[in-house]
Amino acid sequence: MATIELSAIRKSFDGTEILRGVDLRIENGEFISLVGPSGCGKSTLLRVIAGLEPQSAGEVSIDGIAADGIRPSARNLAMVFQSYALYPHLSAFDNIAVPLRMRRLSAIERLPLVGALLPSRRRKERGIRDDVAKVAEQLEIAHLLGRKPAQLSGGQRQRIAVGRAIVRQPVAFLFDEPLSNLDAKLRVHMRAELAQLHRRLNATFVYVTHDQAEAMTMSSRIAVMIDGELVQVGTPTDIYDNPRDIRVAEFVGSPKINVLPGRIREGGRIEALGVALRLTSSAAPGACRIGVRPERIELGSGPFAGHVVHAENMGSEAFLHLGVNGSDVRLVARIDDPRRLPPIATPVSFGFAMDAVRAFNAEGKRIEVEIEHAERVRERAIV
Amino acid sequence: MPSACGSGPLSDAATIDTAAVAAPAARASLRKRDQRALTAYGLVAPAFTLMLLMLLGPLASVIALSFTDYQLGAPAFSWIGLANYQDMFADRVFWISLRNTLTYVVIVVPGAVTLGLAIALLIESGASLRGLYRTIYFLPVMATLIAMAVVWEFMLHPQFGLVNGLLRGAGLPAFSWLQDRSTALYALCAIGIWQAVGFNMVLFLAGLVSIPKQLYEAAEIDGAASAWARFRLVTWPMLAPVTTFVIVISGIRSFQVFDTVHILTKGGPSKSSEVLIHTMYTEGFEFFRSGYGAALTVVFLVFVLLLTLIKARLADRGVQTA
């Protein structure tokens, strides 16, 4: 178990800057997800932590000790790769045993034939066998230990890869998109298992994913990376409810947050799609963007008029795509009861509560807004 | 696979469910099956004919020839049974050339395989000039061995050869490499290794490139800190199929050694570098004893076949472990 501290990590490949100064402190025993769209540098950051990729500048320290210049094998971190990277010629048992053999056996004991004759090797092998058996029991893979990776399904391989990571009690676990090769159903199942594993091991988990749902469901903290920078770090609730940047707001949440063109008038009042809201801001007047989550759009009444362009029925809920009259803006609204789904082209009016609004300036940074008539916060916009 | 049973010839009949139409339908499907079989044979025919003409035919005629007293250019020949083989097994030269060939194989194969692998690993781990090194080591493969043999003859010349010059410069005794009974075969082995290393290196390089980089990263994370540990854990087992192939190919090519022997020593001095194919050439094309030459070829083929069978067995095992 360990704290990992990154300070001002920079990395460039052939003149292209992949990481532009990342600072992050990962606490002991926390499950932190690095999320971001593909190409944002999250995997590179993980590889820098692992030591597989040297950083161009900045420092990595593990448990307060500078790790720069320490080989990956000496950092005592475990990593689960996206492709699992199991050794295809070794059985599942041997795959899990590799880290133990590498650490417990001397080079002579590892020699084929000669090593097998040494009594010390036999004693250590017994210990290894017990440890692998214990891990196999935890992950319910005891019956798979004799098989080669080629004879295992994706989910089973994934478990073997996790087994190989946890068998030697490393100081921290690094996961590089470990679920992205699984089918959707298994992914959801493994999500729960990984979260349980984290609770049981109580170890530091650093989890890289491009899937915001994985980050939201498993982690204690999320670090959103965009274009090589950490844009926001916080709890899943904080990231979802209180995005500091429009890119974070747009990346987290499915379907995406609705973004309406808005303006801050002289005097501070905010308008969206030309309709004045009961919101004011002290930010400089000019264009701004208004973000409202699909579940906060209220249909039936409100100052905006539109029509249904598309409907997605998910069974337990439904999403209604709305075209706004007199503009090419499209919105998505969530309906809890799909049986109340209006047909395509139905005209609808809609609005949203003022506390649902997240406003961003032209650069995409969040701006603070104040709701007028504080005593009527819960009411709909009626302007 | 369940989907496979739907496309078999039986499924045509199976789709008809009433008993009344079952019989004519079955006949129709039978006709259809015959037609399909005919098409299949038709498609196989060109490849089969070529194989018969180019591979199996000559092979059969060589075997047949080895039971005759045919002489090159002779108008007639007669069937003499196993006489050629009896002659052969009683001939001292045959046993010498067989022993020399096996010695050559036993030296050249391990030498060319380990050196090829070592050079491939060095080139692969080097950062720059990979293309240059690859080309340099591959040059002997591309060059005509006969021309190269002449160059080697100069290099190994007792008086003004480069090799002896270097030895004398270092204060070591010089040898007349190709003219000495005790060194001629080993000098040929050295040339054989020099010639085969480049080819093996290219095969190993191809094998190395196909090993996923992530396996090395996983090995590093798992604690394989030394290059040797990573080689043992990842490179060697992942290269196993390539290594088997390289060993077999080097083995077969070493069995076939002829050109260097023919140019440099003619099997001498006093048969000390006589090898199987060279004996066959001398018997068949200098003494025109084609029947006897064919018998020698059959012995050669048996060894090559053995190697091929070993390879097939190893390849089968490789498939199971993959």
Side-chain angles (χ1 to χ4, degrees), chain A residues 43 46-47 49-53 70-91 94-112 115 147-151 160-161 163-165 167-168 170-177, chain B residues 1-3 110 113-114 117 120-121 124-128 130 203-204 206-247 311 313-322:
Chain A
S43 283
L46 194 75
R47 293 165 61 80
I49 297 175
L52 295 171
E53 207 83 71
I70 296 181
R71 286 195 72 103
S73 51
R75 293 190 185 190
N76 199 18
L77 302 167
M79 186 155 169
V80 177
F81 294 84
Q82 182 174 5
S83 63
Y84 316 135
L86 296 176
Y87 309 110
H89 56 284
L90 297 180
S91 68
D94 288 324
N95 263 290
I96 298 177
V98 162
L100 297 181
R101 290 201 174 121
M102 286 295 159
R103 282 183 167 71
R104 292 185 194 170
L105 303 179
S106 66
I108 296 166
E109 286 169 332
R110 281 203 304 268
L111 284 178
R147 296 199 205 161
K148 294 270 164 66
Q151 298 163 304
I160 306 292
R164 184 172 66 176
V167 73
R168 66 183 157 96
V171 296
F173 293 88
L174 311 178
F175 293 88
D176 189 4
E177 310 219 9
Chain B
M1 257 201 258
S3 64
V113 171
T114 40
L117 177 60
L121 287 170
E124 184 64 18
S125 64
S128 59
R130 280 190 202 182
L203 292 176
F204 278 124
L208 284 175
V209 168
S210 69
I211 300 176
K213 289 281 159 289
Q214 286 214 314
L215 285 184
Y216 288 105
E217 293 179 348
E220 176 76 52
I221 296 269
D222 285 344
S226 68
W228 170 248
R230 282 193 299 278
F231 177 79
R232 282 278 305 131
L233 181 61
V234 179
T235 316
W236 182 246
M238 295 299 285
L239 273 185
V242 179
T243 312
T244 319
F245 180 74
V246 168
I247 288 175
K311 183 199 172 258
R313 277 293 280 279
L314 287 176
D316 271 358
R317 236 181 44 196
V319 167
Q320 279 160 19
T321 57

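Note on naming: letters A, B, ... go to the chains in the order of the sequence lines (proteins, then strands), and numbering restarts at 1 for each one.
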Please identify each residue that fulfils side chain to side chain donor-acceptor pair (under 3.5 Å) with A:Asn95, with sequence neighbours left out.
none
Can you confirm whether more than 12 heavy atoms, excluding those of B:Phe245, are under 6.0 Å from its CZ atom?
no
Interchain contact, B:Ala219 with chain A, by part (heavy-atom threshold 4.5 Å):
both
Contacting region of A:Ala78 [heavy-atom separation from chain B under 4.5 Å]:
backbone
With side chain to side chain contact (heavy atoms under 4.5 Å, CB included) as the criterion, how do A:Arg47 and B:Glu217 come out once you've worked through the C-alpha distance, each side chain's angles and the decisive distance to 0.1 Å?
CA-CA 10 Å; A:Arg47 293 165 61 80; B:Glu217 293 179 348; 2.5 Å; yes
CD-CE distance between B:Gln214 and A:Met79, expressed to the nearest 0.5 angstrom:
7.5 Å
Between CE on residue A:Met102 and OG on residue B:Ser226, distance to nearest 0.5 Å:
7.5 Å
For the residue pair B:Asp222 and A:Tyr87, what are the closest heavy atoms and their distance?
OD2-OH, 2.8 Å
How close do B:Leu215 and A:Ala85 get, counting heavy atoms only, and between which atoms?
CD2-O, 3.6 Å
So, for B:Ala224 and A:Ser73, which heavy atoms are closest and what is the spacing to 0.1 Å?
N-CB, 4.4 Å
Can you tell me which of A:Arg168, A:Arg71, A:Arg75 forms the most heavy-atom pairs within a distance under 4.5 Å of chain B?
A:Arg71
Which answer fits A:Leu52, side chain, backbone, both or neither, if we ask what part of it has an atom under 4.5 Å from a heavy atom of chain B?
side chain
What part of A:Leu86 gets within 4.5 angstrom of chain B, counting heavy atoms only: side chain, backbone, both, or neither?
backbone
Can you list every side chain to side chain donor-acceptor pair (under 3.5 Å) pair that touches residues 96-106 of chain A, not counting sequence neighbours?
A:Asp94-A:Arg101, A:Arg101-A:Glu125, A:Arg104-A:Asp131, A:Ser106-A:Glu109
Donor-acceptor pair, distance only, cut-off 3.5 Å: does the side chain of A:His89 make one with the backbone of B:Val234?
no
